[in-house]
**Student:** 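First the structure, which I've put down as structure tokens, then a few questions once you've had a look.
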Protein chains: 2
Amino acid sequence: MSDTRETLVNLAEDAMCTRGFGGFSYADIARDAGISKASIHHHFPSKQDLGLAVLVRYGERLVEQLALIGKSSRSGGQALAAIIDLYRAKAGSGGMLCLCAALSADAHAIDARARDALRRINNLVAAAIEEVLIAGRRDRSISVGGDPRSEAESILAMLQGAQLMTRVTGEPATFDAATAVLAARIYRT
Amino acid sequence: MSDTRETLVNLAEDAMCTRGFGGFSYADIARDAGISKASIHHHFPSKQDLGLAVLVRYGERLVEQLALIGKSSRSGGQALAAIIDLYRAKAGSGGMLCLCAALSADAHAIDARARDALRRINNLVAAAIEEVLIAGRRDRSISVGGDPRSEAESILAMLQGAQLMTRVTGEPATFDAATAVLAARIYRT
DNA sequence: GTCTATAATGAGATAGAC
DNA sequence: GTCTATCTCATTATAGAC
């Protein structure tokens, strides 16, 4: 990927997580990237193309991040704590949302390709959390009462919802409060 | 409130829950209401005024709804089930979000008055859920392990997040899956 | 309270030169 | 690949007649 193209994807991802798909314009990222609006159209003919490119790269990186967390964690509890931190970091950066939460809220504004990608990424994250819960139950580092897959989907919903609530108060503490119950389920890391 | 004014608030609320604050225009609801764009400005000089009016009425109605649920429920479990249904109904109606989730996602686009109202309403709902949990713990109809206030905030986050996830798949079953763990904590209604 | 008309702005997108 | 210039359209908002 060329430098310019990567810069544009970076800026667009940041803008989407902060203000949503409808909340930024080519003019915005053109200014930040130091090029003209027309030049962006050379790399991404339509805004939908740009959105999809951001989403695809986000999915790839997430796979890597989740794999790394799984590999470097010495317990399910440690892995779950790392995943919570992933979402907390976004919420703490001026009330950002993870890309999935941001684009889900703007689902009406994105095309079918992007919605498909979104669905896949949500499934991917839920599956990763499920594996972490299974590991945590096995090594007794996480309290897992019910079906791991159901628990995983609830946890993903909670993490995305906690980001939404944090955006309203502007206080990172809001995220911690809304996820305290989840953190308390980790016996040890 | 005049008929026209109320119609406009109704249409705007619906539009906001479906497409967000930035996702509808005066032209949209003018068409639906059968009046001109300019006439809306007579009732609500700016779009921010309209948004705030919708939010204020939403808060008032929510207080009534939550009071009614508290009064008509014969157990904490029944009350919690009714609250879950409240959020499920929106998610099931074509992937709508509750007004709080919708405007939280668009927090960058609304003014300080609206963000204040949003904060108050989130607190109000969390407090109502907390009371329900306390009642449910007392009458042994809900499993409540930790601090009721923390549990309440987690539940609110989970409900809003489940609506986000449901919007992506378009399947009401997604909401049920993401809240199955919560529903399972209700011993009886 | 409603209308038509219009302003003022910003959006995504295209053409064509360099 | 990048630019300037332009197009087309939608947006919020206002002016002023009825």
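Sequence lines set the chain letters: A, B, ... in the order given, protein chains first and strands last, and positions in each chain run from 1.
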**Student:** About how many Å separate OG1 of B:Thr166 and CE of B:Met96, when rounded to the nearest 0.5 Å?
**Tutor:**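 It comes to 13.5 Å.
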**Student:** Could you tell me if A:Asn10 and A:Arg57 have a donor-acceptor pair between their side chains, going purely by distance under 3.5 Å?
**Tutor:**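 Side-chain D/A pair, A:Arg57 to A:Asn10: present.
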**Student:** Indicate, with a heavy-atom threshold strictly under 4.0 Å, whether B:Phe44 touches base, sugar-phosphate, or nothing.
**Tutor:**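 Counting heavy atoms under 4.0 Å across all strands, no contact is made by B:Phe44.
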**Student:** So, OP1 or OP2 of D:dC3: does either fall under 4.0 Å of a side-chain N or O from A:Ser39?
**Tutor:**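 It does, given that an N or O in the side chain of A:Ser39 lies less than 4.0 Å from OP1 or OP2 of D:dC3.
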**Student:** Ignoring backbone atoms, establish whether A:Ser25 has a side-chain N or O less than 4.0 Å from OP1 or OP2 of C:dA11.
**Tutor:**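 Yes, A:Ser25 has a side-chain N/O under 4.0 Å of OP1/OP2 on C:dA11.
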**Student:** Taking atom P of D:dG1 as reference, at what distance in whole Å does atom CZ of A:Arg5 sit?
**Tutor:**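 It works out to 10 Å between those atoms.
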**Student:** Give a yes/no answer on whether the side chain of B:His43 brings an N or O atom under 4.0 Å of OP1 or OP2 in C:dT2.
**Tutor:**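 So the side-chain polar atoms of B:His43 do come within 4.0 Å of the phosphate oxygens OP1 or OP2 of C:dT2, strictly under.
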**Student:** Working to the nearest 0.5 angstrom, can you tell me the gap between B:Arg115 CZ and B:Asp106 CG?
**Tutor:**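 One finds 11.5 Å between CZ of B:Arg115 and CG of B:Asp106.
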**Student:** Kindly point out which of D:dC3, C:dG12, C:dA5 is positioned nearest to the side chain of B:Ala38?
**Tutor:**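 So the side chain of B:Ala38 is nearest to C:dA5.
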**Student:** Counting only side-chain heavy atoms from C-beta out, which of D:dT11, D:dT2, D:dA15 sits nearest to B:Lys37?
**Tutor:**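 Shortest atom-to-atom distance from the side chain points to D:dT11.
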**Student:** Can you tell me how far P of D:dT2 sits from OH of A:Tyr26, to the nearest Å?
**Tutor:**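 Taking atom P of D:dT2 as the reference, OH of A:Tyr26 is at 14 Å.
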**Student:** Whole-Å distance between C:dG12 C1' and A:Arg31 CZ?
**Tutor:**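 For the pair A:Arg31 CZ and C:dG12 C1', the rounded distance is 16 Å.
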**Student:** For a quick check under 3.5 Å, do A:Thr4 and A:Thr7 share a side-chain donor-acceptor pair by atom type?
**Tutor:**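 No donor-acceptor contact under 3.5 Å links the two side chains.
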**Student:** Let me know the distance between CZ of B:Phe21 and C1' of D:dT12, rounded to the nearest Å.
**Tutor:**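 It works out to 10 Å between those atoms.
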**Student:** Any side-chain N or O of A:His42 below 4.0 angstrom from OP1/OP2 of C:dT14?
**Tutor:**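 For C:dT14, OP1/OP2 do not have a side-chain N/O of A:His42 under 4.0 Å.
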**Student:** Is there a side-chain contact between B:Thr4 and the phosphate of C:dT2, meaning an N or O under 4.0 Å from OP1 or OP2?
**Tutor:**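 Yes, within the criterion.
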**Student:** How long is the line joining CD1 of B:Ile40 and C1' of C:dT4, in whole Å?
**Tutor:**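 Roughly 15 Å, once rounded to whole Å.
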**Student:** What's the CG-P distance between B:Asp3 and C:dT2, to the nearest Å?
**Tutor:**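 Computing the B:Asp3:CG to C:dT2:P distance gives 10 Å.
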**Student:** Tell me the interatomic distance from B:Leu8, atom CG, to C:dG1, atom C1', rounded to whole angstroms.
**Tutor:**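 To the nearest whole Å, that distance equals 12 Å.
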**Student:** Is there a donor-acceptor pair under 3.5 Å between the side chain of A:Lys37 and the backbone N or O of A:Asp28?
**Tutor:**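 No, A:Lys37 side chain to A:Asp28 backbone: no donor-acceptor pair under 3.5 Å.
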**Student:** Please state how far atom NE2 in B:His41 lies from atom P in D:dT12, giving the value in whole angstrom units.
**Tutor:**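 Answer to the nearest Å: 7 Å.
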**Student:** Check whether any side-chain nitrogen or oxygen of B:Ser36 sits under 4.0 Å from OP1 or OP2 of C:dT2, and answer yes or no.
**Tutor:**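 The answer is no; no side-chain N or O of B:Ser36 sits under 4.0 Å from OP1 or OP2.
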**Student:** Which part of the nucleic acid does B:Ser2 contact within heavy-atom distance under 4.0 Å: base, sugar-phosphate only, or nothing?
**Tutor:**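 B:Ser2: no heavy atom of the nucleic acid under 4.0 Å.
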